[in-house]
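Below is one structure; the comments refer to it alone.
Each chain gets a letter, A, B and so on, in the order its sequence line appears, and its residues count up from 1. No hydrogens, no waters, no symmetry mates; every other heavy atom, side chains included, goes into these values.
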2 protein chains.
Amino acid sequence: MIGSFAAATAVTVLDSDRPAGDAEGSEVRFAGEVHPGWDIGGNANGGYLMAIAGRAMAEATGRPPVTLTAHFLRPAATGPCVVDVSIVRTGRRFATATASLSMGGREIIHLLGTFGRQTPGGPSWIREQPVELPPYDECELPPEASDGPRPAMMDRLAVRIRPGDEGFRTGNPTGEAEIRGWFAFAHPDGAGVPAPDPIDAIGLLLVADAFPPPIFNTEIPIAWVPTVELTVHIRGVPAVGPLRCAFRSRFIHGGLVDEEGEIWDSAGTLVAQCRQLALAPRLG
Amino acid sequence: MIGSFAAATAVTVLDSDRPAGDAEGSEVRFAGEVHPGWDIGGNANGGYLMAIAGRAMAEATGRPPVTLTAHFLRPAATGPCVVDVSIVRTGRRFATATASLSMGGREIIHLLGTFGRQTPGGPSWIREQPVELPPYDECELPPEASDGPRPAMMDRLAVRIRPGDEGFRTGNPTGEAEIRGWFAFAHPDGAGVPAPDPIDAIGLLLVADAFPPPIFNTEIPIAWVPTVELTVHIRGVPAVGPLRCAFRSRFIHGGLVDEEGEIWDSAGTLVAQCRQLALAPRLG
């Protein structure tokens, strides 16, 4: 179902003042569509919206994302969208661009990113090993919630959660603000089986926001956790196979919560790291 | 010397199409100056540039920063600068804006941020305790380097480094990509003594980039580590006193290095967390 994700994030050029090449200062307008089935309780997933805009920015700059930040302005339902990309700077290695994804004339997310190809090699120093996880088949399908259906988006994915990490759905939070699991897109032939194709940089933008908020494993009441800002650093090109993921919150106070994560491929390479700032649920 | 920092990051409105209030879509142009003495080897410090632009964005939105991302396009020397702020969205709690800091018609950094007041209270869950550090007076003044003078910026600060963490300057790296220390602005009356005033959100933008790169404590050669992207989340209003800081790199590969940090105030409150993506030095 990677084909489905590609289709659900497809964009086409509507209008461009860009000369041949990718000149600084040029503007490109893309048309896209926020498709049904990529939402959490009726609001389009933030990583999914970022993937649509990120794809437009990648097409405008001719390069995949290296680091992309989105600020979330309003929730989005489904329907046609427009992505306006402005190219800020192009260099040999990197291009920097801003973008704005709008629906019905209202801006939904605003983005700033730097784009360029991964360049494996060079000095390497890795502080942490890949996320520890039981094998894919020993992890769990996200359960139906006691308080409502599983998010629609989960039917398009073949995510598996570390046993116990979704206990909060049945009233058994772990007490640690962490969620680990495997990410894959669902195979087109059967629900719940991983698709065979590797996941690209645009797909990684979705992965960064595809798991439940780790805050659900604390005693803080479960409620919508609206993202204010999400930054994703792409650190490698994933090999084929499900991705090992770990997401955690470290500091919940003053009405805000952080959430950071690492995404590793099947070969043990860190392929993305992400961090977001979100509104914490209010008590009472 | 907080007065000096305030003066060195001051901005004045040049031109504004903003009506009364802070209407969406309005643009405000500020004039500022990149002052001497806030550089590392002739290149203006990234956090310092972010503070100039962040101050302009805060004035345009009427609120301090909550989360601010800067992408670094070119190194900057000293001289006059212009900051163009565009207000993307204003809401009750938050305002989102983009900005561009230019010198001589060339854009130096491009920013995207969300601004709003801190709202202490609400649910709290803290995974980590404040950074452990020896007392301020038992930490060390950043040493003169064997390979050149101490960065000019250090004379404006009263930073103290955990003993051993700057051993790399004399050929004794710790082997761990981490640097801890205390941050303070220097007292106007005497070099090296902390100024008495509390540090504000604009000052925290500088703190986020004021320590040497933790990568210097690995075996990777010491060289300029140009920032590609820096995101700072402001998480509180600092109490009076030096700030406890810890910065570390976790993943150095593919020519890029991350650097993340936490900044705590003297009362033990997390007041900022930051993360950047930078170019790793190339071997040979």
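Annotation: ring pair (Phe, Tyr, Trp, His ring centres under 6.0 Å) contacts of Phe247(A) (sequence neighbours excluded): Phe211(A). With sequence neighbours excluded, no residue forms a side-chain hydrogen bond (donor to acceptor under 3.5 Å, both in side chains) with Thr269(A).
For the pair Glu24(A) and Arg74(B), the salt-bridge criterion is met [side-chain N within less than 4.0 Å of a carboxylate O]. Ion pairing of Arg275(A) with Glu260(B) is absent here, as no side-chain N (NZ or NE/NH1/NH2) approaches a carboxylate O to less than 4.0 Å.
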Task: Full working for side-chain hydrogen bond (donor to acceptor under 3.5 Å, both in side chains) between His71(A) and Thr96(B) - done: CA-CA 8 Å; His71(A) 284 237; Thr96(B) 299; 4.7 Å; no

TODO: Give the intermediate values and the outcome of side-chain contact (heavy atoms from CB on, under 4.5 Å) for residues Val66(B) and Glu229(A).
DONE: CA-CA 10 Å; Val66(B) 170; Glu229(A) 180 265 5; over 6 Å; no

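Looking only at distances, a side-chain donor or acceptor of Thr119(A) sits under 3.5 Å from a matching main-chain atom of Gly254(B).
Contact annotation: the side chain of Ile252(A) never approaches that of Arg127(B) to less than 4.5 Å [non-hydrogen atoms, C-beta and beyond]. Between Arg235(B) and Leu277(A), some side-chain heavy-atom pair lies under the 4.5 Å cut-off. The closest side-chain heavy-atom distance from Thr231(A) to Thr69(B) is below 4.5 Å. With a 4.5 Å cut-off on side-chain heavy atoms, Val228(B) and Thr67(A) count as touching. At least one side-chain heavy atom of Phe94(B) sits less than 4.5 Å from a side-chain heavy atom of Leu279(A). Counting heavy atoms from C-beta outward, Glu107(A) and Arg89(B) have side chains that stay 4.5 Å or more apart.
Both the backbone and the side chain of Ala177(A) have a heavy atom closer than 4.5 Å to some heavy atom of chain B. Only the side chain of Glu262(B) comes within contact range of chain A, judged by heavy atoms closer than 4.5 Å. Heavy atoms of Ser100(A) lying under 4.5 Å from chain B are absent altogether. Only the backbone of Val257(A) comes within less than 4.5 Å of a heavy atom in chain B; its side chain stays farther off. Contacts between Glu128(A) and chain B at a heavy-atom distance below 4.5 Å involve backbone atoms as well as side-chain atoms. Neither the backbone nor the side chain of Leu68(B) has a heavy atom closer than 4.5 Å to any heavy atom of chain A. Ile215(B) does not touch chain A: none of its heavy atoms, backbone or side chain, sits under 4.5 Å away.
Among Ala280(B), Ser249(B), Gly236(B), Pro120(B), the residue with the largest count of heavy-atom pairs under 4.5 Å with chain A is Ser249(B). With chain B as partner, the option from Thr98(A), Leu111(A), Val88(A) having the largest number of non-hydrogen pairs under 4.5 angstrom is Val88(A).
We find the CD1-CG distance between Ile234(A) and Leu256(B) to be 11.5 Å, quoted to the nearest 0.5 Å.
Other residues, nucleotides and ligands contribute only 12 or fewer heavy atoms inside 6.0 Å of the CZ atom of Arg29(B).
The minimum heavy-atom distance between Pro281(A) and Pro123(B), with the atom names listed, is O-CG, 3.2 Å. The shortest non-hydrogen separation linking Leu270(B) to His253(A) is O-CE1, 3.4 Å.
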